[in-house]
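Numbered from 1 within each chain, the chains take letters A, B, ... in sequence-line order.
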Number of protein chains: 2
Amino acid sequence: MGRVSDAKARLMDAVLELLWTGSYGSTTIDHICERAGVKKGSFYYFFNSKADVAVAALDAAFQANRVELDAIFSSSVPPLERIRKYCEFGYAIQVEMKAKFGYVLGCPLFTLGAEICTQEQAVGAKISEILEYKARYFETAIRDGHAAGVFHAPDAAAKSRVVRAYIEGLLTQARIQNDLEILREMAEGVFNMLGVKSAEIPA
Amino acid sequence: MGRVSDAKARLMDAVLELLWTGSYGSTTIDHICERAGVKKGSFYYFFNSKADVAVAALDAAFQANRVELDAIFSSSVPPLERIRKYCEFGYAIQVEMKAKFGYVLGCPLFTLGAEICTQEQAVGAKISEILEYKARYFETAIRDGHAAGVFHAPDAAAKSRVVRAYIEGLLTQARIQNDLEILREMAEGVFNMLGVKSAEIPA
DNA sequence: ATAGTAGTTGACTAACTAGTCGACTATGTT
DNA sequence: AACATAGTCGACTAGTTAGTCAACTACTAT
């Protein structure tokens, strides 16, 4: 079956790291190759362009991420608990990245999506697809919470949009200000948005 | 007093447009010059770098914008009315940009800030400065609203952060999805966040 | 009118960038 | 062993990018 290699995976890891710590514009194919320890000829053996490797890497990372998201948003977990766990999970990632790179990095999908949406159609479409998928976790949690009477949110889709805007906005603010602290308010902010009475908030 | 010229202003206009419609990474000095109808030699007569012209342009644009913001957030206007007017104003700008460029562009400060904050210190600092200044308009409006008993927000600074995160997040979602419609929920979303009773909402 | 000042220009260099290609190497199959 | 397949590599081209510079032009005050 020919020569074996993990170069493709290394390239995808490298591009993700560069996109997240920097930006699409600051990420060059030369840099990706250098970080992956792969020569450019090999890059073009696997991918056609920067957009191509970005789409592949985002997709692969999301597929891996889904396992954790499915656990966090499992319907066996009470709705508010799902949201609280998601916020904690996200916070832990940001802490890890800040320790590793010196910067709060925020949500790579959101930052990258905002940067390239007017220019790189294919990347934008992949990002939209993933963000939409993630939105459904929230919509379901909110629908379940409403059904359980934990809070009042008859239009779960609309409430989910509001919550997502807040969460993504907060993550991006954290990136711009390079400040982890503001992220600690995330779960509380979401609960307030949902009109959860303090007594109902899971420890 | 030597030769007169509006080339400096044209360059600042051009860079703003390119940054807003595209990104920092996609905006080159050559493109800026081309759009401004100015040769590169002249560019370097006025500015030292892309970061330099960006900072100057953002600052100038914000100074111009402040006049409108001061009117919208005038203390003679009822607090909720200020917020409603701000949302309407922002929506009108997005409509105008979509008509002009074919894309919903969102908040240039937020998009740009998220893109460059790990790389271009000077630009990041200017963006933070402007965003902080804008945040104070909201904080004051929320403090005034609480004092007037229109809603309950004893910690105006914290509530302002939540509201800003939501607004910026929503604007960025609109950019990513190229969708004007979701912006129409903005004022309503903010009012819900503040716990305003529907009866109090200004027409 | 002329001299100083402010702004303009085109032609240049050097570095970087994307993308190509043919020769090469490692692995599994027969 | 030898062959097909999968992957690697270095050297290459061509276009783009940032940045420089000396010569030039327009304006104003005296």
Check: Is the ring centre of B:Phe73 less than 6.0 Å from the ring centre of B:Phe138?
Finding: yes
Notebook entry, point to check: So, B:Tyr137 versus B:Tyr86, ring centres under 6.0 angstrom or not?
Noted result: no
Pick out the pairs of N or O atoms, protein on one side and nucleotides 27-30 of chain C on the other, that lie under 3.5 Å.
residue : atom : partner : partner atom : Å
C:dT27  : O2   : A:Gly2  : N            : 3.4
C:dG28  : O4'  : A:Met1  : N            : 2.8

Separation of [N] [atom2] from [X] [atom1] (nearest whole Å):
{"X": "A:Asp52", "N": "C:dA18", "atom1": "CG", "atom2": "P", "answer": "14 Å"}
{"X": "A:Phe47", "N": "C:dA18", "atom1": "CZ", "atom2": "C1'", "answer": "16 Å"}
{"X": "B:Asp30", "N": "C:dC16", "atom1": "CG", "atom2": "C1'", "answer": "13 Å"}
{"X": "B:Tyr44", "N": "C:dC12", "atom1": "OH", "atom2": "P", "answer": "19 Å"}
{"X": "A:Glu34", "N": "C:dA18", "atom1": "CD", "atom2": "C1'", "answer": "16 Å"}
{"X": "A:His31", "N": "C:dG19", "atom1": "NE2", "atom2": "C1'", "answer": "17 Å"}

Checklist line | Under-4.0 Å side-chain N/O to phosphate OP1/OP2 contact, B:Tyr45 with C:dT8 | finding: no
Item checked: A:Ser49 vs C:dG19: side-chain N/O to OP1/OP2 distance below 4.0 Å -> no
Margin query: Counting only side-chain heavy atoms from C-beta out, which of C:dG10, C:dA18, C:dT8 sits nearest to A:Ile29?
Written below: C:dA18
Next item on the list: Test B:Lys50 against every option in B:Thr28, B:Val55, B:Leu19, B:Ile29 by the side chain to side chain contact (heavy atoms under 4.5 Å, CB included) rule and name the one that passes.
Entry: B:Ile29
Checklist line | Passing option when B:Ile83 is tested against B:Ile72, B:Leu194, B:Ile167, B:Val163 for side chain to side chain contact (heavy atoms under 4.5 Å, CB included) | finding: B:Leu194
Item checked: A:Glu139 with A:Arg136: basic N within carboxylate O range, under 4.0 Å -> no
Note to self: Does this structure show an ion pair linking A:Glu88 with A:Lys85, if we count only N-O contacts that are shorter than 4.0 Å?
What the structure shows: no
Check: Counting only heavy atoms not in B:Gln63, do more than 12 sit closer than 6.0 Å to its CD atom?
Finding: yes
Check: Taking everything shown except B:Arg184 itself, do over 12 heavy atoms lie less than 6.0 Å from its CZ?
Finding: no
Notebook entry, point to check: Taking for each residue the nucleotide of DNA chain D with the nearest heavy atom, is it B:Gly41 or B:Lys50 whose nucleotide lies nearer the 5' end?
Noted result: B:Lys50
Notebook entry, point to check: If you look only at pairs with a residue in residues 37-46 of chain A, which of them pass as a side-chain hydrogen bond (donor to acceptor under 3.5 Å, both in side chains), with sequence neighbours excluded?
Noted result: A:Asp30-A:Lys40
Next item on the list: On DNA chain D, reading 5' to 3', which nucleotide is the first and which the last to sit with an atom under 4.0 Å from a heavy atom of chain B, could you check?
Entry: D:dT17 to D:dT28
Looking for any heavy atom pair under 4.0 Å, which part of the strands does [X] touch: base, sugar-phosphate only, or nothing?
{"X": "A:Lys40", "value": "base"}
{"X": "B:Phe46", "value": "sugar-phosphate"}
{"X": "B:Ser42", "value": "base"}

